[in-house]
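Take a look at the structure set out below.
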There are 2 protein chains.
Amino acid sequence: MGKGEQTRQAILDEAFSLASCVGVGGLSIGILAERTKMSKSGLFAHFGSKEELQLAVLREAQQRFAEVVLRPAFRQPRGVARLRAIVLNWLDWTRVANLPGGCVINAAAAEFDDQPGALRDEVRRGLIALRRTLVETVAKAVEAGDLRPDTDPEQLAFELEGIYQVAQQSRRLLNDPDADRRALFAFDRLVRDYAVERGKE
Amino acid sequence: MGKGEQTRQAILDEAFSLASCVGVGGLSIGILAERTKMSKSGLFAHFGSKEELQLAVLREAQQRFAEVVLRPAFRQPRGVARLRAIVLNWLDWTRVANLPGGCVINAAAAEFDDQPGALRDEVRRGLIALRRTLVETVAKAVEAGDLRPDTDPEQLAFELEGIYQVAQQSRRLLNDPDADRRALFAFDRLVRDYAVERGKE
DNA sequence: CGCTTTATAGAACGATCGTTCGTTTGTGTC
DNA sequence: GACACAAACGAACGATCGTTCTATAAAGCG
């Protein structure tokens, strides 16, 4: 890796955790230059525009999410176990990744959901991919016989995302120490609802 | 109402719908002055600082939420009927209120959840009040005999907020036309889970 | 009406924003 | 070591930001 790629990555690291606090839209080249001890113009040259920097941060976030949340979970056997692993990693990922100010992607989703442009498209792309992964994981849990055959994977994935989002908000804004516990409780109840009832099948 | 209060409200109206699109943090006095056909300084004088303007917008949002979502629902008899009315109004409130860019409060929650200050405090206060209202409504549904006595109102309120949040995201960002239907489906399943089973009681 | 108070306008402030340009420093290669 | 190229810098740009000040216009009241 050449010098250019190296510093670019260092900038991205700093931008990533900064965006966690101020949002992807709140990123500032001046402040970022200050934190990385670079000149504004020197930093700027690595991206060509602020939007390109923001896009790079979003892509970085998605990549780390896949590494930290999804990939380890896929070592679990297909079925509810894998689904549960995803939820557990998901709830933990702001701690595992360097995200002192919360999930970048979720914040960006709320920020850009009504502002057409490349940033919104990128966020959208990422969330659609995540949703698809969830749907497929649920579908495999059905195939594996963990969930009832009439389970609607899209509905279950929908509800899983809701659990995650409210957990984040409860933990971060309301300072609710029980947020994770409640999220897991909701997940378990959800899965129990859709589970095949072993005694009756 | 004097002239001052009148124009202040007009500014707030405009700021409210503008914040829906760009976020409470993205509000700009210059742009707001342009939209209201006022001078920056003339507009500014009504609030004294940008932060005070932002706080006023947040308070306005909370007041409208109470009027549009909660108050009508409280005309329903206590119990699941009232709870369902809240959810229905809730899902509709970005359409009923002038919120072309989505729920101001939820966006602000994601924006300020890690930035200490008066704005975060205000958002927090509003969301805590909402959560409490939900909890009490659930508790009354238990008293009314609609829900099982061992129902945990805080848990149910927690999950209700999750349903709302994912519905918003799915509708606004993913353009999912089924978002509201899925949210209602989740609500009904949730309530059925906690409902007293009439045949067995 | 006249008088006091309030509301609005206009110009300017310093700060910061993203961006451009020319130059200098550094890196990697023959 | 010399050369070609990439990387970083420093200064400046025009624009916009929130804010302040002073002056003008309007509103409210006797």
Side-chain angles (χ1 to χ4, degrees), chain A residues 1-16 18-60 107-108 111-112 115-120 122, chain B residues 1-16 18-60 107-108 111-112 115-120 122:
Chain A
M1 183 166 63
K3 182 72 162 50
E5 202 59 35
Q6 195 171 325
T7 55
R8 189 191 141 103
Q9 190 58 46
I11 296 170
L12 231 41
D13 282 356
E14 191 61 42
F16 181 68
L18 178 57
S20 162
C21 294
V22 300
V24 172
L27 282 175
S28 139
I29 295 190
I31 293 178
L32 207 46
E34 197 175 301
R35 291 216 189 190
T36 54
K37 302 183 204 307
M38 286 184 65
S39 64
K40 273 169 60 176
S41 54
L43 188 148
F44 183 86
H46 282 274
F47 301 93
S49 77
K50 182 184 179 183
E51 193 176 46
E52 208 56 51
L53 164 65
Q54 293 171 311
L55 285 171
V57 169
L58 286 178
R59 282 190 276 262
E60 177 79 13
E111 195 175 358
F112 299 120
Q115 303 190 44
L119 291 172
R120 190 194 117 109
E122 186 62 40
Chain B
M1 183 165 66
K3 181 73 165 42
E5 201 59 36
Q6 195 172 323
T7 55
R8 190 190 142 102
Q9 190 58 47
I11 295 170
L12 229 43
D13 281 357
E14 192 62 41
F16 181 68
L18 178 58
S20 161
C21 294
V22 300
V24 172
L27 282 175
S28 140
I29 295 192
I31 294 178
L32 207 46
E34 196 176 302
R35 290 216 188 191
T36 54
K37 301 184 203 306
M38 286 183 66
S39 66
K40 272 169 62 176
S41 54
L43 188 149
F44 183 85
H46 282 273
F47 301 94
S49 77
K50 180 185 179 181
E51 192 176 45
E52 208 57 50
L53 164 66
Q54 293 171 311
L55 285 171
V57 169
L58 286 177
R59 281 191 278 262
E60 176 80 13
E111 194 174 0
F112 300 120
Q115 303 191 42
L119 292 172
R120 191 195 117 109
E122 185 62 40

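Numbers restart at 1 for each chain; the letters A, B, ... are given by sequence-line order, proteins then strands. Values reported hereafter were calculated over all heavy atoms of this structure, with side chains retained and with hydrogens, waters and symmetry mates removed.
Residues A:Ser28 and A:Ile31 share a closest heavy-atom pair of OG-N, 3.2 Å. Closest non-hydrogen pair, B:Ala15 versus B:Val57, comes out as CB-CG2, 3.7 Å.
Annotation: salt bridge (charged side-chain N to carboxylate O under 4.0 Å, His left out) contacts involving residues 18-40 of chain B, sequence neighbours excluded, comprise B:Glu14-B:Arg35.
For the pair B:Met38 CE and C:dT8 C1', the interatomic distance rounds to 6 Å; values are reported in whole Å. In this structure, the CD atom of B:Glu5 is 15 Å from the C1' atom of D:dA27, given to the nearest Å. We find that NZ of B:Lys37 is positioned 22 Å from P of C:dA7, with the value rounded to whole Å. Distance CZ (B:Arg8) to C1' (C:dT8): 16 Å, rounded to an integer number of Å.
Not counting sequence neighbours, B:Gln54 has no partner by the side-chain hydrogen bond (donor to acceptor under 3.5 Å, both in side chains) test. For A:Ser20, there are no side-chain hydrogen bond (donor to acceptor under 3.5 Å, both in side chains) partners two or more places apart in sequence or in a different chain. Partners of A:Phe47 by side-chain contact (heavy atoms from CB on, under 4.5 Å), not counting sequence neighbours, listed by chain and number: A:Arg8, A:Ile11, A:Leu12, A:Glu52, A:Leu53, A:Ala56.
Between B:Glu122 and B:Arg59, the closest side-chain pair of non-hydrogen atoms falls below 4.5 Å. Considering only heavy atoms from C-beta on, B:Leu32 stays 4.5 Å or farther from B:Met38 through its side chain.
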With the sugar-phosphate defined as primed atoms, P, OP1 and OP2, and the base as all remaining atoms, what B/S/- string results for nucleotides 12-26 of chain C, 5' to 3', for protein heavy atoms under 4.0 Å?
-----SBBBB-----
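Here A:Thr7 reaches the OP1 or OP2 of D:dA8: one of its side-chain N or O atoms lies under 4.0 Å away. For the pair B:His46 and C:dT6, the criterion of a side-chain N or O lying under 4.0 Å from OP1 or OP2 is not met.
Contacts of A:Ala45 with the nucleic acid, taken as non-hydrogen atoms under 4.0 Å apart, are absent.
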What N/O pairs connect the protein and nucleotides 3-6 of chain D at under 3.5 Å? Give each pair on its own line.
none

